[in-house]
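For reference, the structure discussed in these notes is given below.
Reckoned from all heavy atoms, side chains included, excluding hydrogens, waters and symmetry mates. Please read these numbers as outputs of a predicted model, since none were measured by experiment.
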Amino acid sequence: MDYKIYYNKISFIDDNEKEVAEITFPEISPNVYEIQKTFVDNNLRGQGIAKKLVQMAISEINRRGGEITASCSYAKQWIEKYGIRPFIICHMVTSIDGKVTGDFLNSAKALEVSETYYEINRQLKGDAFACGRVTMESSFTNGFQPDLTAFKNAEIPCEDFIAQKHNYYAISFDRHGKVGWKDSRIHDSDPGYDDCHIIEVLCENTSKEVLAYYRSIGVSYIFAGKDDIDLNVALNKLYSIFGIKKLLLEGGSIINGAFERENLIDELSLVVAPIVAGENSKPLFEKNAMREFSLSDVKIQSNGAIWLRYRVSADAGTNGRKT
């Protein structure tokens, strides 16, 4: 059995090549798709196929950057219950042995391959990119920590703060607001990162001083859990509040592993450098779960790197939602 994706529908095909389930989502106006029908053969009901079809339809529409509407009663109920999250591409430079951080990244060859990685980043054209705290600090703030003395007695409500809407965002998964941003946007020589509006994803126990500081410099933030970040809550908010349909997840190992364990990665985009990393390097995913992906494309680069693209297998779980 297999799922087949067409322009306006997804079919579930049995071993006899017969279509036994489908979901339709025609483009009813430019870049607007309506989920109109979900059908599953009586003999297959109760196996979670309808849920999978809805998830796949939403994922496919978000991959295209389209707007989602639903007239299908089943799809409407599912969306009301679980919400909608962005299509997520984990885009990383790796060594031949699957490492993503370590001294190997400072080699001349890795720096050359990194330029290819940045070019591909611009080609993928996400609405946002996301990293964990350590990566944000090492890449953009150099560990800067602001003086919070002026905000010591701040009284800030525990509610999401939307400083502005923008056309591209930098998402910082940072439980307690440790990243010391200097203003509300990324400043970088690479146009793939420059001028991104910063959104901090926080826990509710983040200090009032930090919240007041972020407000003072115009950094947006959302809460996604009391003591730890609930990725599904965060992603639903990023979609519903900021309109983020396609998100590039760009490490490191800890945040990549958290997404992978929740089955929240729809596609892998791996630029493999022709290097074997050292023993202290870290893997693509930390504490990962077993998951199957299907190879969708391979491109050999002139610098010896290989760009591999994988899509998550249609049978690989429920995209992080317990159904």
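- Counting only distance, with no hydrogens or angles, the side chain of Arg122 and the backbone of Pro191 share no donor-acceptor pair below 3.5 Å.
- By the 30° and 60° cut-offs, the orientation of the rings of Phe161 relative to Tyr221 is tilted.
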Q. Between Val233 and Asn236, does a side-chain contact (heavy atoms from CB on, under 4.5 Å) hold up when you go through it step by step?
A. CA-CA 5 Å; Val233 170; Asn236 287 344; 6.0 Å; no
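- Using a 4.5 Å heavy-atom threshold, the side chains of Leu308 and Leu268 count as separate.
- The number of heavy-atom neighbours closer than 6.0 Å to NZ of Lys125, taken from other residues, nucleotides and ligands shown, is 12 or below.
- Going from atom OG of Ser253 over to atom CE of Met92 covers 7.0 Å, rounded to the nearest 0.5 Å.
- Counting heavy-atom neighbours within 6.0 Å of Lys208 NZ, excluding the residue itself, gives a total above 12.
- Note: Lys9 NZ to Phe25 CZ = 10.5 Å, rounded to the nearest 0.5 Å.
- Using a 4.5 Å heavy-atom threshold, the side chains of Ile229 and Cys203 count as touching.
- The closest side-chain heavy-atom distance from Tyr239 to Ile244 is not below 4.5 Å.
- Phe285 contributes atom CZ, which lies 4.5 Å from atom SG of Cys90 (distance to the nearest 0.5 angstrom).
- What you find for Ile171 and Ala128 is that their closest heavy atoms are CG1-CB, 3.9 Å.
- Side-chain contact between Leu284 and Glu260: absent, with no pair of heavy atoms (C-beta onward) separated by less than 4.5 Å.
- Put simply, the side chain of Leu202 reaches to within 4.5 Å of the side chain of Leu211, judged on heavy atoms.
- Only one option out of His166, Glu200, His197 pairs with Ser220 in a side chain to side chain donor-acceptor pair (under 3.5 Å); it is His197.
- One hydrophobic cluster, built from ILVMFWY side chains closer than 4.5 Å, cannot hold both Phe39 and Tyr3; they sit in different ones.
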Q) side-chain hydrogen bond (donor to acceptor under 3.5 Å, both in side chains) between Glu115 and Asn303: does it pass, once the steps are laid out? A) CA-CA 10 Å; Glu115 291 304 313; Asn303 54 21; over 6 Å; no
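- Between Arg64 and Glu60 there is a salt bridge, since a side-chain N of the basic residue sits under 4.0 Å from a carboxylate O of the acidic one.
- Looking only at distances, a side-chain donor or acceptor of Asn256 sits under 3.5 Å from a matching main-chain atom of Gly251.
- Counting only distance, with no hydrogens or angles, the side chain of Glu137 and the backbone of Thr141 share no donor-acceptor pair below 3.5 Å.
- When all heavy atoms are compared, the tightest approach of Val219 to Ala163 is C-CB, 4.3 Å.
- Listed for the Glu209 side chain is no donor-acceptor partner under 3.5 Å among the backbone atoms of Ala150.
- Counting heavy atoms from C-beta on, the side chains of Asp190 and Asn121 never come closer than 4.5 Å.
- The nearest pair of heavy atoms linking Arg185 to Asp195 is NH1-OD1, 2.8 Å.
- Between Tyr118 and Tyr193, the ring-plane angle classifies as perpendicular under the 30° and 60° cut-offs.
- Formation of a donor-acceptor pair under 3.5 Å by the Asp174 side chain with backbone atoms of Val179 is found in this model.
- The hydrophobic clustering, which links ILVMFWY residues whose side-chain heavy atoms are closer than 4.5 Å, places Leu124 and Ile186 together.
- In terms of modelled atom types and a separation under 3.5 Å, the side chain of Asn62 and the main chain of Gly65 share no donor-acceptor contact.
- One N or O on the side chain of Asp127 and one on the backbone of Lys246 form a donor-acceptor pair closer than 3.5 Å.
- The hydrophobic cluster containing Met56 also contains Val54, counting ILVMFWY residues as joined when their side-chain heavy atoms lie under 4.5 angstrom apart, directly or transitively.
- Residues Ala130 and Leu247 share a closest heavy-atom pair of CB-CD1, 3.8 Å.
- Side-chain atoms of Asp41 come within 3.5 Å of backbone N or O of Asn43 as a donor-acceptor pair.
- Using a 4.0 Å cut-off between charged nitrogen and carboxylate oxygen, Asp2 and Lys4 do not count as a salt-bridge pair.
- For Asp230 (side chain) and Asn232 (main-chain N/O), a donor-acceptor pair under 3.5 Å exists by modelled atom type.
- Counting non-hydrogen atoms of other residues, nucleotides and ligands closer than 6.0 Å to CD of Gln145 gives a total above 12.
- Of the residues Arg85, Lys245, Arg311, Arg291, the one that meets the salt bridge (charged side-chain N to carboxylate O under 4.0 Å, His left out) test with Asp266 is Arg85.
- Annotation: side chain of Thr135 is not in contact with side chain of Phe140 (no heavy-atom distance under 4.5 Å).
- The shortest distance between side-chain heavy atoms of Ile217 and Lys182 does not fall below 4.5 Å.
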**Q.** Chi angles and distances behind the side-chain contact (heavy atoms from CB on, under 4.5 Å) call for Asp103, Ser281
**A.** CA-CA 7 Å; Asp103 292 341; Ser281 301; over 6 Å; no
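- Between Lys99 and Gly278 the shortest heavy-atom distance is NZ-O, 4.5 Å.
- Side-chain heavy atoms closer than 4.5 Å link hydrophobic residues (I, L, V, M, F, W, Y) into clusters, and following such links, possibly through other members, connects Phe173 to Ile265.
- Annotation for Arg175: atom CZ does not count as buried by contact number, only 12 or fewer foreign heavy atoms lying within 6.0 Å.
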Q: Carefully, step by step, assess Lys51 and Tyr74 under the rule side-chain contact (heavy atoms from CB on, under 4.5 Å).
A: CA-CA 9 Å; Lys51 297 173 184 177; Tyr74 179 84; 2.8 Å; yes
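- Rounding to the nearest 0.5 Å places OG1 of Thr94 at 10.0 Å from CD1 of Ile275.
- Note on ring orientation: taking the six-membered ring where Trp is involved, the planes of Tyr82 and Trp78 are tilted (angle from 30° to 60°).
- Here the side chain of Thr24 pairs a donor or acceptor atom with the backbone of Lys37 at under 3.5 angstrom.
- Taking a 6.0 Å sphere around CD1 of Ile254, one finds it holds 12 or fewer heavy atoms contributed by other residues, nucleotides or ligands.
- Of all heavy-atom pairs between Leu264 and Ile88, the closest is O-CD1, 3.1 Å.
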Q. Would Gln36 and Ser71 count as a side-chain hydrogen bond (donor to acceptor under 3.5 Å, both in side chains) if you check the C-alpha gap in whole Å, the side-chain angles of each, and the deciding distance to 0.1 Å?
A. CA-CA 5 Å; Gln36 294 183 343; Ser71 57; 5.1 Å; no
Q: Please step through ring-ring contact (aromatic ring centres under 6.0 Å, His included) for the pair Phe242 and Tyr169, ending with a clear verdict.
A: CA-CA 9 Å; Phe242 296 97; Tyr169 297 96; 5.2 Å; yes
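- A salt bridge links Asp160 with Lys237: the distance from a Lys NZ or Arg NE/NH1/NH2 to an Asp or Glu carboxylate oxygen falls below 4.0 Å.
- Within a 6.0 Å sphere centred on CG of Leu295, other residues, nucleotides and ligands contribute more than 12 heavy atoms.
- The side-chain hydrogen bond (donor to acceptor under 3.5 Å, both in side chains) check on Ser269 picks up His91, Trp307, with sequence neighbours excluded.
- A continuous path of Ile, Leu, Val, Met, Phe, Trp and Tyr side chains, each step under 4.5 Å between heavy atoms, connects Ile23 with Ile68, placing both in one hydrophobic cluster.
- Ser296 OG to Arg309 CZ: the interatomic distance, rounded to the nearest 0.5 Å, is 6.0 Å.
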